[in-house]
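To start, the structure itself, in C-alpha cells.
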Amino acid sequence: MLSVFVSVVRRDLLLAWRRRSDVLTALGFFLLVTSLFPLGVGPEPDQLSRIAAGVMWVAALLATLLSVQRLFESDEADGTLEQMLLSVEPLAVIVLAKVCAYWLLTGLPLVVIAPLIALQFNLSPDETLIVCATLLIGTPTLSLLGAVGASLTLGLRGGGALIALLVLPLYVPLLIFGAGAVDAWRAGLGVQSHLALLGACLLVAFAVCPLASAAALRIAQD
Amino acid sequence: MLSVFVSVVRRDLLLAWRRRSDVLTALGFFLLVTSLFPLGVGPEPDQLSRIAAGVMWVAALLATLLSVQRLFESDEADGTLEQMLLSVEPLAVIVLAKVCAYWLLTGLPLVVIAPLIALQFNLSPDETLIVCATLLIGTPTLSLLGAVGASLTLGLRGGGALIALLVLPLYVPLLIFGAGAVDAWRAGLGVQSHLALLGACLLVAFAVCPLASAAALRIAQD
Amino acid sequence: MSDSPLSAARVPSAGFSLFHYASPQTFFPLAGKLLWPCWIAALLLTVAGLYTAFFVAPTDATQGDSYRIIFIHVPAAWMSMVIYMAMAFWCAVGLVFNTRLSFMMSSALAPTGALWAFIALWTGALWGKPTWGTYWVWDARLTSELILFFLYCGYMALQAAIDDPRRADRAGALIAIVGAINVPIIYFSVKWWNTLHQGSSVSMTQSPTMATTMLTGMLLMALAAWAYTIGVALVRVRAIMIERERHTDWVRQLSQAGSNGDMNA
Amino acid sequence: MTEPAVALIEARALACVRGRARLFSGLDFALAPGELMHVAGANGSGKTSLLRILCGLSEPESGEVRWRGEPARRVSDDWRDGLLYLGHRNAVKDDFTPLENLRASAAIAGETTPEDTLLRALVDIGLGARLDVPARSLSQGQRRRVALARLLADSRSALWILDEPFTALDVRAVATLAGAMSAHLARGGSIIYTTHQPVDIDALRRQTLNLDDFSC
Amino acid sequence: MTEPAVALIEARALACVRGRARLFSGLDFALAPGELMHVAGANGSGKTSLLRILCGLSEPESGEVRWRGEPARRVSDDWRDGLLYLGHRNAVKDDFTPLENLRASAAIAGETTPEDTLLRALVDIGLGARLDVPARSLSQGQRRRVALARLLADSRSALWILDEPFTALDVRAVATLAGAMSAHLARGGSIIYTTHQPVDIDALRRQTLNLDDFSC
Ligand code: HEM
Ligand SMILES: Nc1ncnc2c1ncn2[C@@H]1O[C@H](COP(=O)(O)OP(=O)(O)OP(=O)(O)O)[C@@H](O)[C@H]1O
Ligand SMILES: Nc1ncnc2c1ncn2[C@@H]1O[C@H](COP(=O)(O)OP(=O)(O)OP(=O)(O)O)[C@@H](O)[C@H]1O
Ligand SMILES: [Mg+2]
Ligand SMILES: [Mg+2]
C-alpha cells in the first residue's frame, strides 16, 4: 500500500517533469495574477499591502480550480484509469498519491514563492509568515476538494463549469479564513483560531476526500 | 473560401455548445476573478472602483491565456488538424474561422457581461462604456495573438508555460493601453489615443496572425 | 453496488412488507392517495400559522415588528437542513439496497430543499439589515447555510449533466452523502463559534426561552412547511417515476388507464 | 475443491443496456482454468461492454458474475487480483519510454515485477531497438506492443481479458502474442478475448461466444 | 498526354529519417490511375511516415514526390485537391453524431457534398441504426466506420491514401470497404493503403511495396 503510493507519486512527478508545463502552469499563473495586479491596480504601497493576502489567496484558489480539472483527464483518455480501478491496491490510496503529487507540483511551489510575492506587495515579515502558513495548510485542502470535483465531473458535458459550481462553495470558507488571518493579525487579534480552522478543514478533507473521489471515479467509469 | 469560413465557425460553435463547458469556462472564470476580488480585497467602494479596469483587463487577459492553449489541441489529438492541412481551402482561412469562433465563445461574452461587473465595482456609466469599448477592441487581438502562440507550442513539452512566455510580452502593452484608458479619462485626458492604439493593434494582428499561425501549424505537423 | 436480495427488482409484489412499497410500481398509487391530505394540511397550517404570527404574537421589545420574519426564516432554515438529511438518507438507502425508488425520492426532494435554503438566506439577509446593519457577513452559520444552498445546486446540476440515470443517481448520491457533513456544522455553528447569528432558543432539553405564542406560530409554520414539502416531493417523485420507467409495462398500462380518466387509482 | 469442478469465472443471465439499446440478455457461460474463450460478434454487438462487466468496470443491467464459484462482488479483492485486462486503449503514456510505461503499469496494478522481467518482455515483443524512445514517437503497432508487453511479463494472473489485442500488430508480433497466449493457457491460466482477425491459438479447451446470438 | 503515360503519383529516391533512425531510402515507385498499391512492412518500418510524405503532411529527408508528372510542391493545390487521406486517427469528434461528423469533415476538406449522399454513405457502411448517437457512445468499430464513410461519399478524389483502414472493423464492414475500394479503382481512381490483415480487393492493376526491402 505504501509502495503503490510511493510509485504513483513518483510516476506523476516524472510525468509532469517530462511535460514540464504542468509544473510551471500553476506557478506561472500564480505569479502572473499576483504580478499583473499591481500593474493593473496602480503602485500605491498602502493599497497594495491591504489587498495582498486576498490577491494571493484568490490566485492560489484559481490556480487550483483551473488545473485540478485535468487531474484525471489524461489517465482517463489513455485508459490508465481503468487499470487503476482494476488494481489490487485500494483506489483511494492511488487517488491520494495522485493528489499528493499534484499538490507537490502546484500547491507547494506557490507556498515557496509566496514570500517573494509578499515582498512585492510590501508585507511585513510577520504578515508574510502568516500568509505563507495559511497557504501551506490551505492549499492541500484545495487540492483534495478539487480532486473530488474532478472525479465527479470526469468526462461530463460542461465539466469546467460544473467543477466550479461543486467545488467553489467549499473553497470560499477557506478563502475567508485564509485571507482573513492577516486582517485579524492587523486588527490585533490572534491568528491561532484561523490556522486551527484551516487545519481542521485539512484533516476532514484528508479523511473524506480520497474515499469520495475513489467512489466517484468508479461511478464515472461505469 | 467564405463557405469554408462559415462552416468552420458553425462547426466550432456547435462543438462548444455540445460540450457546454467551453462556452462557460472563460466567462465563468472572468466572473469568478472579478467577483472574488472584492471578497478578498474588502468592500470599500472607492478602492474598488479604482482597481476595477485593471482587474477586468487582467481577468480578460488571463481568461484568454488559459483557454487559448486548447484551441488546436483537440483537433490535433483526433486527427482533424491533418485534414485541415490537407484541405483545398487556404489554411489561414480555416485558422481565422477557428479564432473567430473562439472569440465569439470567450471574448464576446466578457464584453457583454462587463457592464454588470462594472456595476459591482461602482464604475460610473461613462467609465463603464470606456472599459467595454477597450475590451471590445482588445479581446479579438488577444485571441489572434493567442492563436499564434497556441500553434507554435502545439504538442510541445511545456506548452502551457511556453505559450505564456511567447504571448505575454505582446499582451502587456494591450493591458496597459486597455486598463489605462479609464485612468486617462479620470485624469481628464481623452481616451481616443488609447482606443486608436488598440484598434491599430487589432488591424495588424488581423493581417499577420492567421498567416503566422497557419505556417506554425504546418511546421508542427511535420 | 451489491446485488442484495432486497433489490427492488426482485421483491415479489405479493405479500406485505416495507419493501413492498420500495418498488415504483406499488408506490405510485400510494403517493397519489397521500397528495390531497398533504395539500389540505399545508393550507390549514399556513393560515393558522400566519394568523398567529401577525395577529396573536406580540411586538418585540427591542426589534419591533421586523422580528416577524422569524416565522418564515426559522421554518425555512429548519426545512433546508432536514431535507438535505432526508436526501442523504435516501441516497444511502439506495446505494446499500440498490432500490431505484430511493434515488428518485432524493432527486424529488432536491429542488424544494434548494428553495427553502434560498428562502432562509434571503429572509435572513433581509433581517440582517435592520438588526446587524448589513445584509451579509461571513459568519460561520451564514456561510455554511450558503454552502448548503450550493450543495443543492451542485447536486441538481450534476444529475442534469449525466445522461445515464443510473450513473447520475450514484454520482448525486455521493454529493448528498458527503455534503451531509455540512448540516451539523450549520446547526452547531452558533455553539462552536462565537458568531453574530443568534443561538438556538428551541431545544429538546431546556424549556423554551421565547414567548409561547411566538413558539406556537413558529411550530405551526414549520408543520405547514413539512406538509408542503411532502406534497411537492410526492408530485415530483411521481413525475420522475413516469419519466424514468416509461418503457416498462406498468407505466404503459397506467397511461392507457390515464387516458381513460383515472390517474390516481 | 478440485480445480476443474469450479469454474474460474461464470456469467449468469447477464444483460447489458447501453443508452436506450439493450445489447444482450440471458447470457450464461462458465470458463474453466486453462480454457480459451473467443467472444465474437459484429461491431457494436457489445463485446467490449461484456468484457468490462466481466472485470468489474461496469455493472450489468441484471444477472451476476461469479468468480471461483462466489459472487464476484463479494470476493472483489480476489477477483481483481486474478485479472489482467487490456482494453482498446493502450494505457501508454506518450512521454514515457516503453520501460517506464511498463514499470508504471506494474506499479499501478500493485505488482512488483523485477526490472529484468519487464526488460525481457519488451525485448521479446520486439521493442528491443526502441527502448529509449518516448512512446510519442513510436508507431501505432509499437505502442500497442508496449501495452501487450505486460502480458509477457505476467505469470501471476489467473485470467487474461483482452479486447482486440491483435489490432495494429504485424504478422510477427501476432505470432509472438499468440505464443504468449498459448503459454499462459498451458500454465493453467484462462483467456477471454475478442478479435475480428482470424488468429490461431493453441488451446486444449476452447469455446466461442457469439454475441450476435444473444442480441435482442 | 494520354492518361496511362503519366503516372498519377510518383516517388523518386525518397528517404525518410525519424529521430536518429533512417527508416528507408532510395524508394521509387510510380502509380498509374486505376492502380492499387499495398504498402507492406513490419511495425515501425515507416509505412505511416511514407504515407504522410505522399500527401504532403511531412517532408522527406531527400528525394521528391511528383504529382501527375510535376513536382508535387509546385502544384500543391492540385495535389491536395486530388487526395483523400485517412490516417490512424479517425478525425471523429466525440460530441458530434455520425452525420454531423461527416458534414464537418466535408466542410473542412472544402467539399460540398449533398446531405443525402452523406446520409447514404452512413447507411451503407452500417451506421443506419446509430445516426442520432454521439460518437462518444459508439463502439470502436463504429467510430472507425464514421471516418470511413467519407470514402463512400467521395466520387471526386483521384487518389485515396488509407492508413490501416481495416482495423477494428468486423467481417461485414471489411467487405463493404473492400467493395468501395474496388469501385473506386474501377472508376479510374488509385489507392495506396497499408494493412496487416489479408484482405481481398478486386483490382486490375496492383503492386506491393514492401518497406522492409528499403530499410537501412
Ligand atoms: C442570511 C443570513 C442568515 C442565515 C443564512 C441564517 C440561517 C439560519 C439557520 C440555518 C437557522 C436554523 C438553525 C437552528 O435552528 O438552530 C436560523 C435560525 C434563526 N435565525 Fe437565522 N440566519 C440568517 C440571518 C438571521 C438574522 C439577521 C437573524 C436576526 C437577528 C436571525 C435570527 C435567527 C433566529 C432567531 C433563529 C432561530 C434560532 C432558534 O430559535 O433555534 N437569522 N438561521
Ligand atoms: N449512450 C448510448 N446510447 C446508445 N447506444 C449506445 C450508447 N452507449 C453505447 N451504445 C451502443 O452500445 C454498443 C457498444 O458496444 P461495444 O463497444 O461493447 O461494441 P463492441 O462489440 O466492442 O464493438 P467493436 O467490435 O466495434 O469494438 C454500440 O452499439 C453503441 O452504439
Ligand atoms: N523521434 C524519434 N526518434 C526515434 N525513432 C523515431 C522517432 N520518431 C519516429 N521514430 C520511429 O520511426 C518509425 C515510425 O514508423 P511509422 O509510424 O511510419 O511505422 P509504421 O510502418 O506505420 O508502423 P505500424 O505498422 O506500427 O503503424 C518507428 O519505428 C518509430 O520508432
Ligand atoms: Mg469493442
Ligand atoms: Mg502506421
With a 4.5 Å heavy-atom cut-off, do [X] and [Y] have their side chains touching?
{"X": "E:C16", "Y": "E:E61", "answer": "no"}
{"X": "E:E35", "Y": "E:Q207", "answer": "yes"}
{"X": "D:E64", "Y": "D:P60", "answer": "no"}
{"X": "E:M37", "Y": "E:Y193", "answer": "no"}

Atom pair [atom1] ([X]) and [atom2] ([Y]), whose distance is rounded to the nearest 0.5 Å:
{"X": "D:S137", "Y": "D:R143", "atom1": "OG", "atom2": "CZ", "result": "9.5 Å"}
{"X": "D:L122", "Y": "D:L102", "atom1": "CG", "atom2": "CG", "result": "5.0 Å"}
{"X": "D:S190", "Y": "D:R206", "atom1": "OG", "atom2": "CZ", "result": "13.5 Å"}
{"X": "E:N210", "Y": "E:H38", "atom1": "CG", "atom2": "NE2", "result": "8.5 Å"}

Contact class of E:R20 relative to chain D, heavy atoms under 4.5 angstrom: side chain
Checking E:L185 against E:I191 for the side chain to side chain contact (heavy atoms under 4.5 Å, CB included) test, could you report, in this order, the C-alpha distance in whole Å, the side-chain angles of both residues, the deciding distance, and whether it holds? CA-CA 7 Å; E:L185 292 169; E:I191 300 179; 4.0 Å; yes
After noting the C-alpha distance and the side-chain angles of E:R18 and D:S139, does the key distance pass the side chain to side chain contact (heavy atoms under 4.5 Å, CB included) rule? CA-CA 11 Å; E:R18 288 261 152 234; D:S139 81; over 6 Å; no
Grab the two heavy atoms, one from [X] and one from [Y], that are nearest each other, plus how far apart they are.
{"X": "E:F24", "Y": "E:L27", "value": "CD1-CD1, 3.9 Å"}
{"X": "D:N101", "Y": "D:K93", "value": "OD1-N, 2.8 Å"}
{"X": "D:A40", "Y": "D:T208", "value": "CB-CG2, 4.3 Å"}

Interface residues of [range] facing chain E - non-hydrogen atoms under 4.5 Å apart:
{"range": "residues 161-174 of chain D", "result": "D:E164, D:T167, D:A168, D:L169, D:D170, D:A173"}
{"range": "residues 42-57 of chain D", "result": "D:A42, D:N43, D:G44"}
{"range": "residues 123-132 of chain D", "result": "D:R130, D:D132"}

Suppose a student defines contact as a heavy atom less than 4.5 Å from any heavy atom of chain D. Which residues in residues 147-160 of chain E would they list? none
Can you establish whether the number of heavy atoms outside [X] located under 6.0 Å from its atom [atom1] is more than 12?
{"X": "D:D213", "atom1": "CG", "result": "yes"}
{"X": "D:D28", "atom1": "CG", "result": "yes"}
{"X": "D:D200", "atom1": "CG", "result": "no"}

Out of E:Q197, E:Q142, E:Q140, E:R144, which one racks up the most heavy-atom pairs below 4.5 Å with chain D? E:Q140
Could you look at D:R145 and say if it's the side chain, the backbone, both or neither that has a heavy atom under 4.5 Å from chain E? side chain
Might you work through the side chain to side chain contact (heavy atoms under 4.5 Å, CB included) test for D:W79 and D:I9, ending with a clear yes or no? CA-CA 9 Å; D:W79 185 23; D:I9 192 167; 4.3 Å; yes
Apply the test side chain to side chain contact (heavy atoms under 4.5 Å, CB included) to residues D:L14 and D:V65: give CA-CA distance (whole Å), side-chain angles for both, the deciding distance (0.1 Å), then the verdict. CA-CA 8 Å; D:L14 282 187; D:V65 178; 4.2 Å; yes
